[in-house]
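The structure appears below as structure tokens.
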Amino acid sequence: MAIANLAKTSRNQYDEVYSQWMQNPETFWMQAANSLDWKRRPNQALFDQNAPLYGWFDDGLINTCWNAVDRHVVNGSGDQVAIIHDSPVTASQRFITYQQLLDEVSHVAGAMLERGITVGDRVIIYMPMIPEAIIAMLACARIGAIHSVVFGGFASAELAIRISHCRAKAVLSASCGIEPNRVVRYKPLLDAAIDLADHKPEFCAIFQRETELADMVAGRDIDWDSMKKDAAPADCVPLPGNHPSYILYTSGTTGRPKGVVRPTAGHAVALHWTMKNIYGVQPGEVFWAASDVGWVVGHSYICYAPLLAGNPTLVYEGKPVGTPDAGAFWRVIAEHDVRVLFTAPTAFRAIKREDPNGRLLRTYDLRRLRALFLAGERADPDTIVWAEKYLGVPVIDHWWQTETGWAIAANPLGIELKPVKPGSPSLPMPGYDVRVVDDEGHAKPPGELGTLLIKLPLPPGTLSTLWEADTRYRESYLAKFPGFYDTGDAGMIDKDGYIFVMARTDDVINVAGHRLSTGAIEEVLAEHPDIAECAVIGVRDALKGQVPLAFICLNAGVSTTHADILAECVSRVRDRIGPVAAFRQTTIVERLPKTRSGKILRATMAKIADGESFTLPPTIDDPAIIDEIRRALEGLGYPKNT
Ligand code: COA
Ligand code: AMP
């Protein structure tokens, strides 16, 4: 396979750093590793004995919690704020110093140790946006327990899948979360998940929130506060570099989520490097990733990276709009002196929709904000231009995935701010050699669309494998293009080396920055007794980027009314996957368009819905079906004028 290296080569700071990495990746990452405290320094950076599965710093001994918490206390910064919790939904704020964080984390870790949690045990964390979620993650890291955080917007069935798959020994949770329109009772969702799961955790520790106290199950549930109070503090356990720090489940093509495994040392090294070099923040400056701990952005940039680098991290329990208004982000930035904000474009689309002329912005002093970083979905140029106009700071789109844990491509503010090209997440970061290829793996020339690949090995901080599924890891990411990691994204690289990420090459869709599998939704719908066949696509949405839409074909002789079936589809997806799927649109069709070999033409249907041109594959079974699909979509108001 001949793939040209399309990285840019002119001399400037970014190019210098990128070529330093390119010339000697191991030295580059060994130097980055020197910024952390090690119990035993690694002798070697890259471990390639199991290629194409790689390891970084495998022979080192390190503890991430030490580096994120204890180290700052030992260095005299114990009184510095580590976590700011700003919660408009409870009208409260909390400020936690590094010393207080150390006390909390070491006691929770001690409580887990006393209950038999040891190195390598899996612990599910199911919590809303409260500091206890971060404390729980760090407590696991402290004793080498492998955490798996589950996003609060998932339903019990999804939680059950994760509890069972990683065979969690314990669950750390809270009584409730608070959405603007309702209190989300976590505990009944957790109880139902444990009932459904075929593996049962030994205990659950529940943080009781004043908004709503949870009923406890005797013999299984423990109150978080009393557990912490009664426990002796635990010390940090030195861990081998390749010890899995966490598993984060993410959507793939099917209903079976993929358990992304993040090794300890590479994670700490890479994230620490990014804070100064990509985000351009100095220790002590407030960093705010307005995401959720349940997503990778929350893992990397609400929890670990800011704390590793000594930046107060902002844990925001609210929304960009409605808590109470579209000025919420500006209030938080001004009130807490946020220097860098990181969020999903959808959050800015929501703000822009409610306050198109930036009226609410004028009420706040945002002069100290240095940059806005966007990721999680394609950043549309309109949103970038609007944000630049009203914030008056660089708006930096950057591209990454749950799998990579940090940016594949960005505009590295801390190294050199390159010209922004709206629609592009800019340039590859050190560690990533990005290529564009056709289906056979041949390089595409600059400016032409193809599949985006990354040359192996992936850098430190990226996934090492899928949890207990090496074969699935190889098949999903490494098999099609040997020597490369298949990102699952399609895009191009222009003549200046700028990367453009346009769409997924698989059935993953991106709803308000949340990654969902259309296959998982189809699996839920297919279980409906009246549904013979179905297909789910992602259609363009002005606010959320994409939303799911289902076509269903009914069995002959169905007696239930169509209206009832459509309503049941919506409630089944909400019950099985969760409200986060934002699934509301279903339409009944006689048949689905397919190729003669039976492959459903989802991409074609999506193009019709989005009003894009398309060519029917010559292998289409019956072109007349396309007209029926078009009519069905018109009935739902597609294509929309977005
Ligand atoms: N726990 C429980 N339910 C949750 C939840 C959580 N943590 N997060 C979202 N939900 C629910 C919402 O309440 C909503 O339920 P509803 O159907 O009863 O109204 C549903 O899931 C969809 O939520 P959401 O996608 O947040 O849509 P929204 O219409 O409530 O808000 C935005 C739209 C744009 C304001 C919102 O999506 C947003 O803030 N996005 C930011 C994106 C982001 O953080 N992405 C993370 C990756 S960087
Ligand atoms: P997640 O794993 O949830 O972070 O989702 C990763 C996917 O989101 C990527 O594979 C892309 O499809 C999409 N994505 C993330 N960031 C960007 C970006 N800056 N531009 C375009 N797509 C993006």
Side-chain angles (χ1 to χ4, degrees), residues 89 126-129 133 150-155 176-186 189 248-252 258 260 289-302 316-323 326 328-329 342-354 373-380 384 396-410 423-426 452 463 486-491 499-506 508-516 538 541-547 570 574 577-584:
V89 293
Y126 184 53
M127 284 196 171
M129 285 293 288
V150 180
F151 176 62
F154 280 125
C176 67
I178 297 134
E179 284 293 291
N181 57 355
R182 67 189 189 286
V183 172
V184 182
R185 300 170 68 221
Y186 273 53
L189 289 168
L248 179 55
Y249 288 91
T250 189
S251 301
K258 296 167 169 171
V260 164
S291 176
D292 190 286
V293 282
W295 306 115
V296 68
V297 174
H299 281 60
S300 294
Y301 291 104
I302 298 175
Y316 175 66
E317 193 180 20
K319 300 272 176 179
V321 293
T323 56
F329 273 28
F342 174 173
T343 191
T346 192
F348 265 71
R349 286 197 296 269
I351 295 170
K352 178 172 148 232
R353 193 166 74 165
E354 295 216 350
F373 282 79
L374 298 174
E377 55 174 330
R378 185 158 187 274
D380 50 295
I384 293 186
I396 301 176
D397 179 16
H398 59 332
W399 167 47
W400 49 303
Q401 314 183 313
T402 303
E403 289 84 344
T404 65
W406 60 284
I408 306 164
S424 164
S426 301
L452 287 161
L463 83 171
D486 184 350
T487 63
D489 281 316
I499 295 170
F500 290 76
V501 183
M502 308 306 291
R504 292 286 304 189
T505 56
D506 54 16
V508 165
I509 59 171
N510 207 310
V511 180
H514 309 316
R515 177 166 157 180
L516 296 170
D541 181 81
L543 175 65
K544 299 194 175 192
Q546 279 185 306
V547 286
V570 172
R574 196 176 169 93
I577 295 181
V580 68
F583 178 75
R584 295 206 169 83

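Every number for a ligand or one of its atoms is a count from 1 in the order of the listing. Throughout, numbering of the chain's residues begins at 1 and tracks the sequence.
Counting atoms of ligand 2 from 1 in the listed order, those under 4.0 Å from a heavy atom of Asp489 are 9 (C), 10 (O), 11 (C), 12 (O). Residue Asn510 has at least one heavy-atom neighbour below 4.0 Å for each of these atoms of ligand 2: 8 (O), 13 (C). With ligand atoms numbered from 1 in the order given, ligand 1 contributes 8 (N), 9 (C), 26 (O) to contacts under 4.0 Å with heavy atoms of Lys319. Listed by number with element, the atoms of ligand 2 under 4.0 Å from a non-hydrogen atom of Arg504 are 9 (C), 10 (O), 12 (O). Taking every non-hydrogen atom of Trp295 and a distance limit under 4.0 Å, the qualifying atoms of ligand 1 come out as 46 (C). Every atom of ligand 1 is numbered from 1 in the order shown, and the set under 4.0 Å from a heavy atom of Val580 is 21 (O). For ligand 1, the atoms closer than 4.0 angstrom to any heavy atom of Val297 are 48 (S). In summary, the atoms of ligand 1 found under 4.0 Å from a heavy atom of Thr346, numbered by their order in the structure, are 34 (C), 40 (N), 41 (C), 42 (C). Which parts of ligand 1 touch Val184 is read off a 4.0 Å heavy-atom cut-off, strictly below it: atoms 2 (C). Taking a cut-off of under 4.0 Å to the non-hydrogen atoms of Gly513, the atoms of ligand 1 that pass are 47 (C). Counting the atoms of ligand 2 from 1 in the order shown, those under 4.0 Å from a heavy atom of Asp397 are 18 (C), 19 (N). Every atom of ligand 2 is numbered from 1 in the order shown, and the set under 4.0 Å from a heavy atom of Trp400 is 4 (O), 6 (C), 9 (C), 15 (C), 16 (N). In the vicinity of Lys544, heavy-atom distances shorter than 4.0 Å reach the ligand 1 atoms 22 (C), 24 (P), 25 (O), 27 (O), 28 (P), 29 (O). Shown in contact with His398 at under 4.0 Å from a heavy atom are these atoms of ligand 2, numbered in order with element: 16 (N), 18 (C), 19 (N).
Classified by interplanar angle (parallel below 30°, tilted 30° to 60°, perpendicular above 60°), the ring pair Tyr301/Phe342 is tilted. The aromatic rings of Trp400 and His398 sit tilted relative to each other, their planes meeting at an angle between 30° and 60°. By the 30° and 60° cut-offs, the orientation of the rings of Tyr126 relative to Tyr186 is tilted.
Note that atom 32 (C) of ligand 1 has no protein non-hydrogen atoms nearby, at separations under 4.0 angstrom. For atom 36 (C) of ligand 1, the nearest protein heavy atom lies 4.0 Å or farther away.
Between the choices Glu179, Met129, Arg574, the shortest heavy-atom distance to atom 13 (O) of ligand 1 belongs to Glu179. Considering each of Ala512, Ala155, Gly152, Ala347, the one bringing a non-hydrogen atom nearest atom 43 (C) of ligand 1 is Ala512.
The environment of CZ in Arg504 is crowded: more than 12 heavy-atom neighbours from other residues, nucleotides or ligands sit within 6.0 Å.
Residue contacts with ligand 1 for Arg584 involve side-chain atoms from C-beta outward but no N, CA, C or O (heavy atoms, distance under 4.0 Å). For His514, no heavy-atom contact with ligand 2 is shorter than 4.0 Å. With a heavy-atom cut-off of 4.0 Å, Asn181 touches ligand 1 through its side chain alone. Contact annotation for Ala290 and ligand 1: only backbone heavy atoms (N, CA, C, O) come within less than 4.0 Å of the ligand. Within the 4.0 Å heavy-atom criterion, both parts of Thr402, backbone and side chain, lie near ligand 2. With a heavy-atom cut-off of 4.0 Å, Trp295 does not touch ligand 2 at all.
Looking at His299, its side chain does come within 3.5 Å of a backbone N or O of Val293 through a donor-acceptor pair. Using modelled atom types, one side-chain atom of Ser300 and one backbone atom of Gly405 make a donor-acceptor pair closer than 3.5 Å. A donor-acceptor distance shorter than 3.5 angstrom exists from the side chain of Arg349 to the backbone of Leu543, with no hydrogens or angles considered. Under the 3.5 Å distance criterion, the side-chain polar atoms of Asn510 are matched with a main-chain donor or acceptor of Gly376.
Closest protein heavy atom to atom 18 (C) of ligand 2: Glu377 O, 3.3 Å. For atom 5 (O) of ligand 2, the closest non-hydrogen atom on the protein side is Arg515 CD, 3.5 Å.
Side-chain contact check for Ile396 versus Leu374: every heavy-atom pair is 4.5 Å or farther apart. No side-chain heavy atom of Phe583 sits less than 4.5 Å from a side-chain heavy atom of Ile577. Val321 places a side-chain heavy atom less than 4.5 Å from the side chain of Ile351. Residues Pro425 and Val501 form a side-chain contact, since some pair of their non-hydrogen atoms from C-beta on lies under 4.5 Å apart.
Heavy atoms of Ser291 approach ligand 1 to within less than 4.0 angstrom. For Gly376, the heavy-atom gap to ligand 2 drops under 4.0 angstrom. For Phe151, the closest heavy-atom approach to ligand 1 falls below 4.0 Å. At least one heavy atom of Pro320 sits closer than 4.0 Å to an atom of ligand 1.
Between Arg182 and ligand 1, at least one N/O pair is under 3.5 Å apart. Considering backbone and side-chain N/O of Glu403, none are found under 3.5 Å from N/O of ligand 2.
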